[in-house]
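See below for the structure under consideration.
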Amino acid sequence: MASTATLHRKPPDPPSAPDATPAAPRRTALPTALPAWARALPPVTVLALGFLYPLALVVRQSFTPESLDEGGASLAPYTEVFASPAFREALTTTVWLAAGATVGCLVLGFALALVIAFVPFPGGKAVARFIDVFLSFPSFLITLALLFVYGSVGMANGAWTGVTGAAEGPFHFLTTPWGVLLAEITYFTPFVMRPLLAAFSQLDTAQLEVASSLGAGPLRIVRQVILPEALPALAAGGSLVLVLCLNEFGIVLFTGAKGVTTLPTLVYSKAILESDYPAACVVAVVNVVLSVGLYSLYRVVSRRAGA
């Protein structure tokens with residue numbers, strides 16, 4: 001009986017193999033003992049002290065005439081500045097320079113981006129990379145380069161006087177509004193080319209091949225195939241250039257165009273040269289309002305363009 005029981009005894013189960021898949025580590029949540037308002041307090045404090053408080057001081061000063069010794073607020077500074085011919089001239093000059101530079105950058109940037117993206121040539125990739133590097137250059141550097149070329153004692157005038165024997169050369173346009181416009185177009189065109197090159201890199205080349213096989217010429221392909229795809233990038237780049245040109249100070253200063261007064265240079269003149277701080281703050285507030293409005297437009301356009 002004992003031997004029979006031994007024969008019918010169930011053998012022990014084999015040891016189970018260890019699980020090859022390691023257990024996922026348990027995530028430990030960061031402590032959240034502080035309320036949300038307490039966690040937001042440090043960045044909000046830095047923002048308020050570093051930006052909002054100085055801006056509030058500028059706005060407050062713009063409502064404080066120099067005749068008021070202590071306290072009080074008045075619209076007199078705004079009335080005086082808005083009635084000033086210098087302010088109206090600076091506002092008009094700022095707007096038309098910004099608009100003209102934006103149009104020039106759009107036209108030139110679109111043409112150059114087309115060549116870089118669709119016309120094979122040696123060094124094309126290097127040129128495209130140089131566009132990214134160019135964006136980091138300061139604006140006065142480009143203006144200084146233009147002065148070396150087209151300034152009163154620049155290379156162009158030097159070559160002219162050397163060939164003709166004249167006392168001076170004919171190139172003096174850098175000290176005029178047209179010189180400022182040329183410098184702004186030269187400096188800000190890459191800001192339009194960068195989003196355009198990104199848009200062209202995503203364009204399906206099969207569309208171009210189909211259009212070409214159907215007999216469409218280069219201009220028709222650009223107008224009907226490439227341009228519709230580039231419109232969002234053009235709108236985003238043009239909006240950004242418009243905002244930057246509106247606040248440009250270094251180009252106007254380095255060209256030496258004494259007859260060209262923009263809103264930023266008027267702020268400098270009122271605050272530094274005339275010590276008229278209420279008027280300077282009024283012009284600064286107007287410039288900030290225009291900049292914020294145009295920047296909001298730029299964000300809307302960039303969002304719709306997917307930038």
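This chain uses plain numbering: 1 for the first residue, then up along the sequence. The figures that follow rest on heavy atoms only: side chains count, while hydrogens, waters and symmetry mates do not.
Using a 4.5 Å heavy-atom threshold, the side chains of Pro77 and Phe63 count as separate. Annotation: side chain of Ile251 is not in contact with side chain of Phe140 (no heavy-atom distance under 4.5 Å). Leu290 has its side chain within reach of Leu263: a pair of non-hydrogen atoms, C-beta onward, lies under 4.5 Å apart. Looking at Leu97 and Cys245, their side chains never come closer than 4.5 Å, going by heavy atoms from C-beta outward. The shortest side-chain heavy-atom distance between Tyr78 and Ser62 falls under the 4.5 Å cut-off. Val286 has its side chain within reach of Phe82: a pair of non-hydrogen atoms, C-beta onward, lies under 4.5 Å apart. A heavy-atom distance below 4.5 Å is found between the side chains of Leu227 and Phe110. Annotation: side chain of Val192 is in contact with side chain of Val241 (closest heavy-atom distance under 4.5 Å).
The main-chain N or O of Thr186 is never found under 3.5 Å from a side-chain atom of Thr189 such that the two would form a donor-acceptor pair.
Other residues, nucleotides and ligands contribute at most 12 non-hydrogen atoms within 6.0 Å of the OH atom of Tyr150. Within 6.0 Å of the CZ atom in Phe148, the count of heavy atoms belonging to other residues, nucleotides or ligands does not exceed 12. The local environment of CH2 in Trp96 is crowded, with over 12 non-hydrogen atoms from other residues, nucleotides or ligands closer than 6.0 Å.
Using cut-offs of 30° and 60° on the angle between ring planes, the pair Phe134 and Phe137 is tilted.
Only one option out of Asn287, Val59, Val81, Leu75 pairs with Val282 in a side-chain contact (heavy atoms from CB on, under 4.5 Å); it is Val81.
Of all non-hydrogen atoms in Glu248 and Ser139, the two that sit nearest each other are OE2-OG, 3.0 Å.
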